[in-house]
Amino acid sequence: MWGRTGKKKVLVINGSPKQNKSSTMVLTNAFIEGMKEAEDIDLEIINVQSLNIKPCTGCLSCWGRTEGECIIKTDDVPMVKEKILEADIIIESFPLFFFGMPGILKLLTDRLLSMMNTYRGHKPPENGESFHGLRYPDQNKRFIVISSCAYTEVDRVYDSVKAQFDYICGKDQYYSVFVPQVKTLVDVHNENKLNRFLKKFIEAGKGFMESGMMDSETLNGLAKPPFSEGAYKIFLDQFWQEEKK
Ligand SMILES: Cc1cc2nc3c(=O)[nH]c(=O)nc-3n(C[C@H](O)[C@H](O)[C@H](O)COP(=O)(O)O)c2cc1C
């Protein structure tokens, strides 16, 4: 038994502009299915694309005059912040866009600067801790990042995403699941292959809910490419040819 007692609140922040058509969410939904197999959860999915989010103006009031509070109160960000604070488990689900997170999710992330401690001139910590430190640290909370991309593997291409989350949360303070070739896996309509792949996510979600953690073997298993490099090249060639017809 981990975390608070009672039904756990799970907040999914879907950062794909494709909203409910997101291929990353196919993986995330399988993970959630597993979580539900383990225990009853209180689930909420937010589509960032459907929110009203004003860009951060860079005024830094949230670190000064109104410390801990953003001065922009007339959009959906205060509601999202409240939900993040209340959640036991936060899952951020998004596609890799140009080696980073999609713009809409960056917009939301910038607006949540108030959730980090005020910067007072220190150097980057060498022990992998959060650079700023979280303003509302909570040992009972869990944070999972699930992201998919089109590349054939995730080595190196996720370096900047990983560095960003390491600096924000602290290296060991979140779980990351970065998965290659996902859109093709979903598009190819090979039900058996897709179901086999999703089964790993269902099992991981169940295991996570039971233990409150995921070991490196599980995480590495989730990040394995569904297709061989050769087969994937053929799929992509065919896909782009079809697109031009
Ligand atoms: C603007 C844009 C940029 C992208 N950049 C990358 C990239 O740098 N690397 C990559 O592997 N895939 C990239 N992709 C592909 C998506 O990450 C991939 O198709 C993903 O699985 C889509 O997930 P979604 O359906 O959840 O949005 C990009 C797609 C778009 C539209």
Side-chain angles (χ1 to χ4, degrees), residues 10-35 43-51 53 55 80 89-110 143-166 174-191 193-202 204-205 219-244:
V10 180
L11 176 68
V12 178
I13 301 177
N14 174 13
S16 170
K18 285 153 68 185
Q19 303 193 59
N20 296 339
K21 297 209 167 90
S22 156
S23 355
T24 319
M25 278 300 291
V26 174
L27 310 178
T28 303
N29 282 328
F31 191 84
I32 294 166
E33 191 182 323
M35 292 169 99
L43 173 70
E44 181 158 16
I45 300 176
I46 294 179
N47 288 324
V48 179
Q49 175 74 34
S50 71
L51 299 178
I53 302 177
V80 176
I89 301 160
I90 299 148
I91 304 178
E92 238 173 57
S93 176
F94 61 89
L96 185 70
F97 272 15
F98 263 131
F99 311 100
M101 63 174 76
I104 52 166
L105 191 56
K106 183 63 167 55
L107 213 58
L108 174 65
T109 308
D110 289 349
F143 183 39
I144 303 170
V145 176
I146 301 180
S147 180
S148 79
C149 73
Y151 291 141
T152 191
E153 55 177 55
V154 292
D155 286 349
R156 296 192 300 281
V157 296
Y158 268 97
D159 283 357
S160 48
V161 171
K162 190 160 181 347
Q164 196 168 28
F165 281 98
D166 284 357
Y174 72 104
Y175 296 100
S176 58
V177 181
F178 302 141
V179 194
Q181 305 178 352
V182 172
K183 186 176 173 298
T184 306
L185 175 68
V186 175
D187 285 350
V188 157
H189 296 301
N190 179 337
E191 291 287 311
K193 192 169 187 73
L194 180 61
N195 287 339
R196 270 202 311 279
F197 200 79
L198 294 183
K199 195 161 178 273
K200 293 189 295 180
F201 280 80
I202 297 170
L219 292 168
N220 291 337
L222 297 179
K224 283 220 176 91
F227 302 104
S228 71
E229 227 178 285
Y232 191 53
K233 272 196 180 121
I234 293 168
F235 281 133
L236 284 190
D237 278 346
Q238 282 171 351
F239 178 80
W240 292 122
Q241 263 168 27
E242 285 294 316
E243 283 289 294
K244 282 186 186 156

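Every number for a ligand or one of its atoms is a count from 1 in the order of the listing.
- Close contacts of ligand 1 with Ser22, meaning ligand atoms under 4.0 Å from a residue heavy atom, involve 24 (P), 25 (O), 26 (O).
- Under a cut-off of 6.0 angstrom, the local environment of NZ in Lys106 is sparse, with at most 12 non-hydrogen atoms contributed by other residues, nucleotides or ligands.
- Between Val182 and ligand 1, no pair of N/O atoms sits closer than 3.5 Å.
- A donor-acceptor contact under 3.5 angstrom links the side chains of Thr152 and Gln181, judged on distance only.
- Annotation for Glu243: atom CD counts as buried by contact number, over 12 foreign heavy atoms lying within 6.0 Å.
- The nearest heavy-atom contact from the protein to atom 21 (O) of ligand 1 is Ser148 OG, 2.7 Å.
- Atom 5 (N) of ligand 1 has as its closest protein heavy atom Phe98 N, 2.8 Å.
- Residue contacts with ligand 1 include Leu96, since one of its heavy atoms falls under 4.0 Å from the ligand.
- Listed by number with element, the atoms of ligand 1 under 4.0 Å from a non-hydrogen atom of Ser16 are 24 (P), 26 (O), 27 (O).
- Remark: ligand 1 and Lys18 share an N or O pair separated by less than 3.5 Å (distance only, no angle test).
- Only one option out of Ile234, Asn190, Thr184 pairs with Phe227 in a side-chain contact (heavy atoms from CB on, under 4.5 Å); it is Thr184.
- Considering every non-hydrogen atom in both Thr28 and Ser93, the closest pair reads OG1-OG, 2.8 Å.
- From the protein, the heavy atom lying nearest to atom 15 (C) of ligand 1 is Ala150 CB, 3.8 Å.
- No cation-pi contact links Lys193 to Phe197, judged by a cut-off of 6.0 Å to the six-membered ring centre and 45° from its axis.
- In terms of protein heavy-atom proximity, atom 9 (N) of ligand 1 is nearest to Tyr151 CE1, 2.8 Å.
- Backbone and side-chain nitrogen or oxygen atoms of Pro17 are examined, and none is located within less than 3.5 angstrom of a nitrogen or oxygen of ligand 1.
- Nearest protein heavy-atom neighbour of atom 2 (C) of ligand 1: Phe97 CD1, 3.6 Å.
- Of all heavy-atom pairs between Pro226 and Leu185, the closest is CB-CD1, 3.8 Å.
- The aromatic rings of Tyr174 and Phe165 sit tilted, their planes meeting at an angle between 30° and 60°.
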key: Trace of the side-chain contact (heavy atoms from CB on, under 4.5 Å) decision for Val177 with Phe31   = CA-CA 11 Å; Val177 181; Phe31 191 84; 5.9 Å; no

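- The atoms of ligand 1 that sit less than 4.0 Å from any heavy atom of Lys183 are 19 (O), 21 (O).
- Listed by number with element, the atoms of ligand 1 under 4.0 Å from a non-hydrogen atom of Phe99 are 8 (O).
- Given atom 22 (C) of ligand 1, the protein heavy atom at minimum distance is Pro95 CB, 3.5 Å.
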